[in-house]
Protein chains: 2
Amino acid sequence: MEPPKRSRTATRARLLAGALEVFAERGFAGASVEDICDQAGFTRGAFYSNFGSKDELVLALFQATTDRLLEQIEALLPDLATQPGTLLDAVLGLLDEAIGDQRQWHLISTEFTLHALRNPEAARALNEQRAMFRASLTRLVEEISAASDVTFSVPPELFVRLIIALHEGARSQSLLEPTKVPAGSLEHAFLPIVLDAVSQPSH
Amino acid sequence: MEPPKRSRTATRARLLAGALEVFAERGFAGASVEDICDQAGFTRGAFYSNFGSKDELVLALFQATTDRLLEQIEALLPDLATQPGTLLDAVLGLLDEAIGDQRQWHLISTEFTLHALRNPEAARALNEQRAMFRASLTRLVEEISAASDVTFSVPPELFVRLIIALHEGARSQSLLEPTKVPAGSLEHAFLPIVLDAVSQPSH
DNA sequence: TGTATTGGATACACAAACGTATTGAACTGC
DNA sequence: GCAGTTCAATACGTTTGTGTATCCAATACA
């Protein structure tokens, strides 16, 4: 029953986990292959046996984290859609709960975004992932608003873009000044206002 | 009257300009000292004659761009505060006009932010700069709202934080998907709503 | 149990980047 | 014009990182 001590998938996983850690600390460009191997407890031999290059690892890491995130979201959606509470709580809850370590996630995802802004190939992949992410959020918004008999004066898709923009901008401020801007404070201060302004009871 | 072909300040300036370019393209960590020198038309000799290390250059570049930005803002403020137009136009105008190349600025400033999130020293410098930036914006908001006899139900400082968060998040989306999210579209879609909701005529 | 295969460690060759020491040319003031 | 000085170029040694080739241990299988 014990999984073999040396399985390809296990070392790949440990290398990916190590890369996540190291990339968050030093960035994609700042991290050497050796750094990643150290973190994962391997030597470069293991690395090159599993990946062709650092770029290939970055791509694999992106896919892995992306898949995991979308999975987690799909798992959380049904609960949030049906459970009591405001639309806002549901949406913000999803954004937070689907992510483990906010700081690490922000660092990595910003790193990915920068990479994408410089690399059309990566931009396509990232935009695809973000589109799916927005689709999930949009679905959540639509379900909840339907259940509570409200309609929006703006397309939900656009509203979701707003939430994401605000959330990302706010997270950046929170991480830079944790004491002055507690996590979530900006969202909680303004999203209710927006929500109130764009929603109307349907009868 | 001709400035000497070889002045310390001139080569420093060219190196800083080159660094801006190269850092935007490859990031701080991804750019080598030689890359920067190539871009500026020098060899590494010139570099090490002017800077102690790449880190020192990054710091100098941060100071230079910061100073220039705050200068530009101070120059624009009086006009915007007095000229006709909505508060929103003034604020968004300031954010856009003070910045030359949106894409380059976003890349560099994101790069700085990431650097700050990993480096307490840099975080202090960045937060200081951002505080001054917010102070300018806050002043603009207060002046215009006073001139048009409106008061806010939220502190202007907080409102400014919202604008910045939204603006940065939105810019990220615009740069990733220029066709689907034209520059400024998110801000123009939602800021009027927020502004309307939090402001009330003072009599 | 013995043999084959798989997967990671070790060793090596090479390239890229750094930082310094030295050189030479262009300005400075005399 | 002529020293003295300044500043960037060149040349050099060192470090750091990459990728490959080989070796060795652990697993799979007969």
Side-chain angles (χ1 to χ4, degrees), chain A residues 1-62 64 111 114-115 118-119 121-122, chain B residues 1-62 64 111 114-115 118-119 121-122:
Chain A
M1 269 296 91
E2 281 287 311
K5 276 352 178 185
R6 275 196 346 179
S7 82
R8 208 146 192 83
T9 59
T11 52
R12 267 184 75 98
R14 275 173 58 195
L15 283 170
L16 285 171
L20 192 67
E21 210 74 36
V22 173
F23 283 155
E25 296 291 321
R26 318 201 175 183
F28 291 168
S32 74
V33 171
E34 184 123 32
D35 289 336
I36 296 166
C37 294
D38 285 355
Q39 176 73 29
F42 289 107
T43 63
R44 293 210 320 289
F47 180 90
Y48 285 106
S49 165
N50 283 279
F51 301 95
S53 65
K54 197 168 74 175
D55 277 4
E56 197 178 305
L57 172 76
V58 168
L59 199 71
L61 183 62
F62 174 74
E111 204 72 44
L114 274 179
H115 184 60
R118 293 166 177 143
N119 183 322
E121 185 70 22
Chain B
M1 273 295 87
E2 282 287 312
K5 278 346 180 190
R6 273 196 345 176
S7 84
R8 208 149 191 81
T9 59
T11 53
R12 267 185 74 98
R14 275 172 59 195
L15 282 170
L16 285 171
L20 191 69
E21 211 73 36
V22 173
F23 283 155
E25 294 293 320
R26 317 201 176 183
F28 291 168
S32 73
V33 171
E34 185 124 31
D35 288 336
I36 296 166
C37 294
D38 286 354
Q39 177 73 29
F42 290 107
T43 63
R44 293 211 319 288
F47 180 90
Y48 285 106
S49 164
N50 283 278
F51 301 95
S53 65
K54 198 168 74 175
D55 278 4
E56 198 177 302
L57 172 76
V58 167
L59 199 71
L61 183 62
F62 175 73
E111 204 71 45
L114 273 179
H115 183 60
R118 294 170 177 141
N119 182 322
E121 184 70 21

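Letters A, B, ... are given to chains in the order of the sequence lines, protein chains preceding strands, and every chain is numbered from 1.
- Contacts between residues 14-30 of chain A and DNA chain C, counted as heavy-atom distances below 4.0 Å, involve no residue at all.
- For the OP1/OP2 pair of D/dA8 and a distance below 4.0 Å, the side-chain nitrogens and oxygens of B/Ser49 include at least one atom meeting the criterion.
- Partners of A/Val58 according to the side-chain contact (heavy atoms from CB on, under 4.5 Å) rule, which considers only residues two or more places apart in sequence or in another chain, are A/Phe23, A/Phe28, A/Phe112.
- Sorted by first and then second residue, the side chain to side chain donor-acceptor pair (under 3.5 Å) pairs involving residues 48-61 of chain A (not counting sequence neighbours) are A/Arg8-A/Ser49.
- Listed by first and then second residue, the side chain to side chain donor-acceptor pair (under 3.5 Å) pairs involving residues 18-29 of chain B are B/Arg26-B/Asp35 (not counting sequence neighbours).
- Rounded to an integer number of Å, the gap from A/Phe51 CZ to C/dG7 C1' is 14 Å.
- Computed from coordinates, the A/Arg8 CZ to C/dG7 P distance equals 4 Å when rounded to whole Å.
- For the pair B/Glu56 CD and C/dG19 P, the interatomic distance rounds to 11 Å; values are reported in whole Å.
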Would you tabulate the nitrogen or oxygen pairs shorter than 3.5 Å linking the protein to nucleotides 18-22 of chain D?
{"from": "D/dT18", "atom 1": "OP1", "to": "A/Val33", "atom 2": "N", "distance (Å)": "3.4"}
{"from": "D/dT18", "atom 1": "OP2", "to": "A/Val33", "atom 2": "N", "distance (Å)": "3.2"}
{"from": "D/dT18", "atom 1": "O4", "to": "A/Arg44", "atom 2": "NH2", "distance (Å)": "3.2"}
{"from": "D/dG19", "atom 1": "OP2", "to": "A/Tyr48", "atom 2": "OH", "distance (Å)": "2.4"}
{"from": "D/dG19", "atom 1": "N7", "to": "A/Arg44", "atom 2": "NH2", "distance (Å)": "3.0"}
{"from": "D/dG19", "atom 1": "O6", "to": "A/Arg44", "atom 2": "NH2", "distance (Å)": "2.4"}

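- Every residue two or more places apart in sequence or in another chain that forms a side-chain contact (heavy atoms from CB on, under 4.5 Å) with B/Ala46 is listed here: B/Phe42.
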Item to complete: Apply salt bridge (charged side-chain N to carboxylate O under 4.0 Å, His left out) to A/Arg118 and B/Glu111, showing your working.
Response: CA-CA 12 Å; A/Arg118 293 166 177 143; B/Glu111 204 71 45; 2.7 Å; yes
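- Taking atom CG of residue B/Asp38 and atom P of nucleotide D/dT10, one finds them 12 Å apart after rounding to whole Å.
- Residues passing the salt bridge (Lys or Arg N to Asp or Glu O under 4.0 Å) test with B/Glu121, sequence neighbours excluded: none.
- Proximity note for A/Phe42 (side chain, C-beta onward) versus D/dC7, C/dG7, C/dA9: the nearest is C/dA9.
- For A/Ala24, the side-chain contact (heavy atoms from CB on, under 4.5 Å) partners two or more places apart in sequence, or in a different chain, are A/Gln104, A/Leu107, A/Ile108.
- Qualifying side-chain contact (heavy atoms from CB on, under 4.5 Å) partners for A/Ala60, counting only residues two or more places apart in sequence or in other chains: A/Arg12, A/Leu16, A/Phe51.
- At D/dA8, one or more side-chain N or O atoms of B/Asn50 fall inside 4.0 Å of OP1 or OP2 (strictly under the cut-off).
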